[in-house]
2 protein chains.
Amino acid sequence: MDRGETIAGIYGELTRFTRRVRARGGAWHPDLSLVAYTLLAHIDGAGRVRAADLAAHYALDKSTVSRQVADLRERGLVTPVPDERDARAHVLTITPEGRRRLDEANASLRDRLEDRLSSWPEEDLATFAALLARFNADMS
Amino acid sequence: MDRGETIAGIYGELTRFTRRVRARGGAWHPDLSLVAYTLLAHIDGAGRVRAADLAAHYALDKSTVSRQVADLRERGLVTPVPDERDARAHVLTITPEGRRRLDEANASLRDRLEDRLSSWPEEDLATFAALLARFNADMS
DNA sequence: CCCAGTTGGTTGGAATATACAACTTTCCAC
DNA sequence: GTGGAAAGTTGTATATTCCAACCAACTGGG
């Protein structure tokens, strides 16, 4: 198999993967959309996130982010802390409840993953993890 | 690194990947939404697809599929052929124009992929392709 | 210091996508 | 045949998004 075919194969597998994610859609966590979940995870993972950062990172309109964040705020999953360097902005922080919900969703997904990968030998897992990481780094 | 950590790493990379796909959103092919593109690709790839099959496969409501297919039909990208075994149904087939559009989109994505992976040695590419394929098989 | 332009964020309005429900036509099992 | 299930279409409601207009606050050049 030449290089072009191999890349075509990778392309095919990636589209298959994204389609499956698409097919499962919002069935991940009840009552929390994929976008809301993604934003919450980002707020949890990164330090000093403002709404504008989220908009830039996910190529969403700032009004969209504003409403999504408002929703997360109303549900008590994030709290906006006034940014001491810029009175216009707020730094978004996750609440304990938000963290709990996020951990819950993550755990359920990881469990499913672990279950499906139970037949993989340790070595293949490590290789796959490393290649995936390199792939993401090269693509971003 | 133990098995749990490795799997957590894979999980993290996969979410990073899906988020990037999400972020790029519909910017893939002008004038063709991600859903429309996905359905078109499915119609092209599988034999004897009916609207109900698409709905079942992607967990979409049949009304949603009906409208999406109507749109693809209006654009001349698919043609519904009456199903000779069932007068209620139509078998969806891709048109030459639909194929052309699909090939165009695929080629542009594959080019981008090839460009980003240009630094990878042949062997790593092959390993990655094989592991991805196995992963998809195990997850589906 | 002040003013022009920029940036963070909110809100109103319109477009779009989707799910749910009701309906028609056809199929199938009895 | 008849009753129930299935394929698809269409009406309606809701959710998500973008665009535009807006306000408040920041920034840099005079």
Side-chain angles (χ1 to χ4, degrees), chain A residues 19 21-40 42-43 46-75 77-93, chain B residues 18-19 21-40 42-43 46 48-75 77-93:
Chain A
R19 278 184 211 160
V21 170
R22 225 232 129 271
R24 294 199 56 77
W28 280 350
H29 203 54
D31 192 44
L32 203 57
S33 79
L34 181 57
V35 175
Y37 172 79
T38 302
L39 296 184
L40 187 58
H42 191 115
I43 291 167
R48 290 195 57 75
V49 195
R50 292 165 309 149
D53 302 328
L54 295 173
H57 195 267
Y58 294 106
L60 293 170
D61 193 79
K62 54 182 182 167
S63 63
T64 302
V65 173
S66 173
R67 286 184 245 258
Q68 290 280 353
V69 168
D71 185 53
L72 288 174
R73 209 172 48 206
E74 279 160 26
R75 293 162 187 258
L77 305 182
V78 305
T79 350
V81 177
D83 185 344
E84 71 277 0
R85 308 183 206 169
D86 187 338
R88 295 169 301 178
H90 300 272
V91 174
L92 301 168
T93 61
Chain B
T18 59
R19 277 183 211 161
V21 170
R22 224 231 131 270
R24 294 199 56 78
W28 280 351
H29 204 54
D31 192 43
L32 203 58
S33 79
L34 180 56
V35 174
Y37 173 78
T38 302
L39 297 184
L40 188 58
H42 191 115
I43 290 166
R48 292 196 56 76
V49 195
R50 291 166 310 148
D53 301 328
L54 296 174
H57 195 266
Y58 293 106
L60 292 170
D61 192 80
K62 54 183 182 166
S63 65
T64 301
V65 173
S66 173
R67 285 184 244 259
Q68 290 279 356
V69 168
D71 186 54
L72 288 174
R73 207 171 50 205
E74 279 160 25
R75 293 161 186 258
L77 305 182
V78 306
T79 348
V81 177
D83 186 343
E84 71 277 0
R85 308 184 208 168
D86 186 340
R88 296 168 300 177
H90 300 273
V91 174
L92 301 169
T93 60

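Throughout, protein chains are lettered first and strands after them, A, B, ... in sequence-line order, and every chain is numbered starting at 1.
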In Å and rounded to the nearest 0.5 Å, what is the CG to CG distance from L39(B) to D53(B)?
-> 11.5 Å
With B for base contact, S for sugar-phosphate-only contact and - for none (protein heavy atoms under 4.0 Å), nucleotides 22-30 of chain C reads ---BBS---
How long is the line joining CZ of R50(A) and C1' of dA24(D), in whole Å?
-> 15 Å
Candidates L72(B), T79(B), V81(B), V69(B) - the one meeting side-chain contact (heavy atoms from CB on, under 4.5 Å) with L92(B) = V69(B)
For R48(B), all residues meeting salt bridge (charged side-chain N to carboxylate O under 4.0 Å, His left out), sequence neighbours excluded = D83(B)
OH of Y58(A) versus P of dT16(D): gap in Å, rounded?
-> 17 Å
Quick one: side chain to side chain donor-acceptor pair (under 3.5 Å) partners of R88(A), sequence neighbours excluded?
-> D86(A)
Rounded to the Å, how far apart are L60(B) CG and dC20(C) P?
-> 11 Å
Gap between atoms CG and P, on L54(B) and dT9(D) respectively (whole Å) = 12 Å
Between L40(B) and L77(B) the two heavy atoms that sit nearest each other are CD1-O, 3.9 Å
With the side chain counted from C-beta on, respond yes when V49(B) and L54(B) share a heavy-atom pair under 4.5 Å apart, and no when they do not.
-> yes
What's the CG-P distance between D53(A) and dG8(C), to the nearest Å?
-> 8 Å
From CA spacing to verdict: side-chain contact (heavy atoms from CB on, under 4.5 Å), V78(B), T93(B) = CA-CA 5 Å; V78(B) 306; T93(B) 60; over 6 Å; no
To 10°, what angle do the rotation axes through the five end pairs on each side of the helix from dC1(C)-dG30(D) to dC30(C)-dG1(D) form?
-> 30°
Sequence neighbours excluded - salt bridge (Lys or Arg N to Asp or Glu O under 4.0 Å) pairs with any residue from residues 60-72 of chain B = D71(B)-R75(B)
Whole-Å distance, L39(A) CG to dT16(D) P, equals 12 Å
Taking only residues two or more places apart in sequence, or in another chain, which ones meet H42(B) in a ring-ring contact (aromatic ring centres under 6.0 Å, His included)?
-> H57(B), Y58(B)
With distance as the sole test, does T64(B) use its side chain to make a donor-acceptor pair with the main-chain N or O of L60(B) at under 3.5 Å?
-> no
Report yes if a side-chain nitrogen or oxygen of T64(B) is closer than 4.0 Å to either non-bridging phosphate oxygen (OP1 or OP2) of dA17(C); otherwise report no.
-> no
Protein-nucleic acid N or O pairs under 3.5 Å, nucleotides 11-15 of chain D:
from: dG11(D); atom 1: O6; to: R67(B); atom 2: NH2; distance (Å): 2.3
from: dT12(D); atom 1: O4; to: R67(B); atom 2: NH2; distance (Å): 3.4

How long is the line joining CG of D61(A) and C1' of dT7(C), in whole Å?
-> 14 Å
Taking only side-chain nitrogens and oxygens of R73(A), does any of them come within less than 4.0 Å of OP1 or OP2 of dT10(C)?
-> yes
Sequence-distant partners of S66(A), side-chain contact (heavy atoms from CB on, under 4.5 Å), two or more places apart = none
To the nearest Å, how far apart are Q68(B) CD and dA17(C) P?
-> 6 Å
